[in-house]
Chemist: 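Here's a structure for you.
Given the structure is predicted, the values throughout are model-derived calculations rather than measurements. Residue numbers start from 1 in every chain, and the chains themselves are labelled A, B, ... in the order their sequence lines are given, proteins ahead of strands.
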There are 2 protein chains.
Amino acid sequence: MSTEDGAKAPIRRRERGERRMAQIVEAAAVVLVERGYENANTNLIAAQAGISPGSLYQFFRNKEEIARAVARNYAAIFAEALDQAFLIEIADLPVEAMVDRIVDTLIAVNVAHPALRTVFRGWDAPPGLAEAIRPLQEGIIDRVTMIVARRLPGLAEAERRVIATVTIEIFRGLVPLVLLSDTERRPVFTRELKRALTSYIAAAETDAALHVR
Amino acid sequence: MSTEDGAKAPIRRRERGERRMAQIVEAAAVVLVERGYENANTNLIAAQAGISPGSLYQFFRNKEEIARAVARNYAAIFAEALDQAFLIEIADLPVEAMVDRIVDTLIAVNVAHPALRTVFRGWDAPPGLAEAIRPLQEGIIDRVTMIVARRLPGLAEAERRVIATVTIEIFRGLVPLVLLSDTERRPVFTRELKRALTSYIAAAETDAALHVR
DNA sequence: GGTTTATGCGAGTCATAACTCGCAAAAGAG
DNA sequence: CTCTTTTGCGAGTTATGACTCGCATAAACC
């Protein structure tokens with residue numbers, strides 16, 4: 001809401017400006033990712049974008065708003081990847097195949113956009129920013145919960161969410177291992193990531209089947 | 001080494017001083033954990049310790065050295081917990097019992113010292129500090145690798161380390177879930193944490209048994 | 001007691017970095 | 001070709017916060 005339009009002057013002509021904003025966001029992402037929010041300074045961002053420090057403030061009210069734009073940008077990229085990974089019919093595949101497809105898709109985005117990880121993890125949060133990410137995370141939990149629901153109809157909703165949450169956290173915990181490893185180790189860790197997810201889900205499913213009987 | 005004795009003036013009388021240093025470290029931990037390194041200021045640390053800003057520098061050369069002392073302090077606490085959790089004979093227990101004991105011990109320390117998590121995870125690293133933690137992490141990998149070796153003698157060393165690393169990362173990924181949940185959900189997440197570890201280790205073991213034949 | 005050394009203070013210094021301001025150039029709109 | 005509005009600049013302002021300095025007190029050692 002506060003980011004879409006200024007208070008007094010609605011700023012009309014936006015054609016070149018939009019491009020500049022994109023250019024700034026891109027530059028800011030580079031600087032923010034490699035230095036973190038607190039250690040990144042606006043002069044550096046301006047330099048990276050090839051413009052003057054003053055020009056930054058033509059488009060963004062302050063440093064935090066720049067960071068928010070970066071986060072929003074990557075949130076969009078990631079959301080698209082999620083749409084691709086979580087098609088509904090995927091829940092009907094056997095566990096191995098399902099895990100395979102989802103993991104491959106999500107790893108691919110992270111490889112294509114290395115900044116993704118840093119933006120959503122190791123970032124010292126400009127106070128209101130962590131909460132701007134929250135809805136995205138909730139969305140992921142919802143999707144996974146729906147898949148769990150489809151596979152284990154007998155389970156209580158609360159239990160489903162627990163299983164979904166744990167699955168996601170296993171993934172998030174192991175992703176850095178995959179991304180930070182060199183090209184020869186990467187397939188090994190990817191395989192182990194899949195094994196971890198598969199075995200956990202399988203265990204949860206057999207356990208649930210036993211209890212419901 | 002550099003922290004034990006100053007360069008020129010070896011500072012003799014240490015009785016009251018040692019207590020002050022401990023007091024400062026304790027105060028610094030509080031401030032650093034709740035604000036992060038960059039957002040914590042030395043005046044606040046001094047205030048929290050109930051002393052003057054100038055007095056900080058009687059004992060520590062700069063802000064980073066204070067942070068290092070905090071990290072060293074918690075590293076010691078954690079190392080002790082590791083000694084307790086990883087007794088050698090634990091490798092001979094069945095998987096469930098082993099996971100049970102290790103997880104319970106480690107969760108207990110983290111509950112007793114909530115700052116532990118923050119110090120080792122969500123912390124914007126004063127540049128040289130991340131590497132000061134590294135040896136501790138290597139130590140953990142070594143211990144787990146040894147257990148894996150005991151349980152799966154037929155496996156190559158490289159494979160063992162991979163399995164150990166993944167196991168640890170699963171743990172680290174799920175610990176926040178346990179620690180940040182309220183008292184009623186905590187046992188649920190603890191159970192799931194154990195399930196995740198148990199199923200992964202079991203899967204790795206059966207898989208290894210098949211391949212080695 | 002007298003001397004020395006660690007401890008304690010807090011106002012002041014200094015560097016850093018977010019942000020402003022006045023002014024110039026360029027891009028529509030008429 | 002004017003007039004308006006957006007874009008662009010970069011030196012200057014200002015707040016913040018790490019760290020110093022000169023000076024007081026308290027504890028050891030003689």
Side-chain angles (χ1 to χ4, degrees), chain A residues 2-25 27-28 31-32 34-70 124 126-129, chain B residues 3-25 27-28 31-32 34-70 124-129:
Chain A
S2 62
T3 47
E4 280 314 307
D5 42 14
K8 292 282 168 64
I11 37 174
R12 226 170 301 170
R13 202 167 340 125
R14 283 263 195 90
E15 327 200 354
R16 207 178 11 151
E18 294 277 14
R19 251 174 297 145
R20 269 281 189 267
M21 286 181 74
Q23 171 189 2
I24 292 170
V25 168
V31 176
L32 286 171
E34 77 181 12
R35 326 244 323 200
Y37 181 78
E38 296 291 346
N39 282 319
N41 64 48
T42 54
N43 291 9
L44 236 179
I45 293 175
Q48 173 78 21
I51 64 177
S52 122
S55 296
L56 281 186
Y57 295 87
Q58 198 79 29
F59 304 103
F60 300 96
R61 275 217 292 280
N62 50 40
K63 186 181 174 184
E64 181 178 339
E65 198 172 291
I66 298 174
R68 259 208 300 273
V70 172
D124 38 340
L129 216 162
Chain B
T3 45
E4 281 312 310
D5 41 14
K8 293 284 169 64
I11 38 174
R12 224 170 303 169
R13 200 167 343 123
R14 285 265 194 88
E15 328 203 353
R16 206 176 14 147
E18 294 276 15
R19 252 174 297 144
R20 269 281 189 265
M21 286 180 74
Q23 171 190 0
I24 291 171
V25 168
V31 176
L32 286 172
E34 78 180 11
R35 325 241 328 196
Y37 180 78
E38 295 291 346
N39 283 319
N41 64 48
T42 54
N43 290 9
L44 236 179
I45 293 175
Q48 173 77 22
I51 64 177
S52 122
S55 295
L56 282 187
Y57 295 88
Q58 198 78 32
F59 304 104
F60 300 96
R61 273 216 295 280
N62 51 39
K63 186 181 173 184
E64 182 177 340
E65 198 172 291
I66 298 173
R68 259 208 300 273
V70 172
D124 38 341
L129 216 161

Chemist: Rounding to a whole Å, what distance do you find between B/Tyr57:OH and C/dT13:C1'?
Modeler: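 From B/Tyr57 OH to C/dT13 C1': 13 Å.
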Chemist: Return the value, rounded to whole Å, for the distance between atom CG of B/Leu56 and atom P of D/dG17.
Modeler: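 Computing the B/Leu56:CG to D/dG17:P distance gives 15 Å.
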Chemist: Within the pair A/Thr42 and C/dA17, is there a side-chain N or O less than 4.0 Å away from OP1 or OP2?
Modeler: no
Chemist: In whole Å, I'd like the distance from the CD atom of A/Gln58 to the P atom of C/dA24.
Modeler: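 The answer, rounded to whole Å, is 16 Å.
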Chemist: Would you mind reading off the distance between A/Glu64 atom CD and C/dC19 atom C1', rounded to a whole angstrom?
Modeler: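 Taking atom C1' of C/dC19 as the reference, CD of A/Glu64 is at 15 Å.
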Chemist: Under 4.0 Å from OP1 or OP2 of C/dA18: is there any side-chain N or O of A/Arg61 that close?
Modeler: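 No, because none of the side-chain N or O atoms of A/Arg61 sits under 4.0 Å from OP1 or OP2 of C/dA18.
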Chemist: Which of residues 45-55 of chain A sit near DNA chain D, with a heavy atom under 4.0 Å from it?
Modeler: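 Output list: A/Ile51, A/Ser52, A/Gly54, A/Ser55.
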Chemist: For the side chain of B/Asp124 and the backbone of B/Tyr37, is there at least one donor-acceptor N/O pair under 3.5 Å apart?
Modeler: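 Yes, the answer is positive, given that a donor and an acceptor are paired below the 3.5 Å cut-off.
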Chemist: May I ask you to say whether B/Arg19 pairs ionically with B/Glu15, meaning some side-chain N is under 4.0 Å from a carboxylate O?
Modeler: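 No.
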Chemist: To the nearest 0.5 Å, how far apart are CZ in A/Arg61 and CZ in A/Arg68?
Modeler: 8.0 Å
Chemist: Which one, D/dT7, D/dA28, C/dA18, comes nearest to the side chain of B/Glu15?
Modeler: D/dA28
Chemist: Grab the CG-P distance between B/Leu44 and D/dA18 for me, whole Å please.
Modeler: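 One finds 9 Å between P of D/dA18 and CG of B/Leu44, rounded.
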Chemist: Give me the atom names and distance for the closest heavy-atom approach of A/Leu56 to A/Ile51.
Modeler: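 Closest heavy-atom pair between A/Leu56 and A/Ile51: CD2-CD1, 4.0 Å.
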Chemist: Rounded to whole Å, how long is the line connecting atom NZ of B/Lys63 with atom C1' of D/dT16?
Modeler: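 Atom-to-atom, B/Lys63 to D/dT16, this comes out as 11 Å.
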Chemist: C/dC9 C1' sits how many Å from B/Phe59 CZ, rounded?
Modeler: 12 Å
Chemist: What integer distance in Å separates B/Ile66:CD1 from D/dA18:P?
Modeler: 9 Å
Chemist: Working to the nearest 0.5 Å, report the span between CD1 of A/Ile24 and OG1 of A/Thr42.
Modeler: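 The CD1 atom of A/Ile24 sits 11.5 Å away from the OG1 atom of A/Thr42.
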Chemist: Using the side-chain heavy atoms of B/Asn43, tell me which of these nucleotides is nearest: D/dC19, D/dT7, C/dG8.
Modeler: D/dC19
Chemist: Where the side chain of A/Asn41 is defined as all heavy atoms beyond and including C-beta, which of C/dA17, D/dC19, C/dC19 is the nearest nucleotide?
Modeler: C/dA17
Chemist: Give me the atom names and distance for the closest heavy-atom approach of B/Ala69 to B/Phe60.
Modeler: CB-CE2, 3.8 Å
Chemist: Using every non-hydrogen atom in the two residues, find where A/Ala27 and A/Ile45 come nearest and quote the distance to one decimal.
Modeler: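 Closest approach of A/Ala27 to A/Ile45: CB-O, 4.0 Å.
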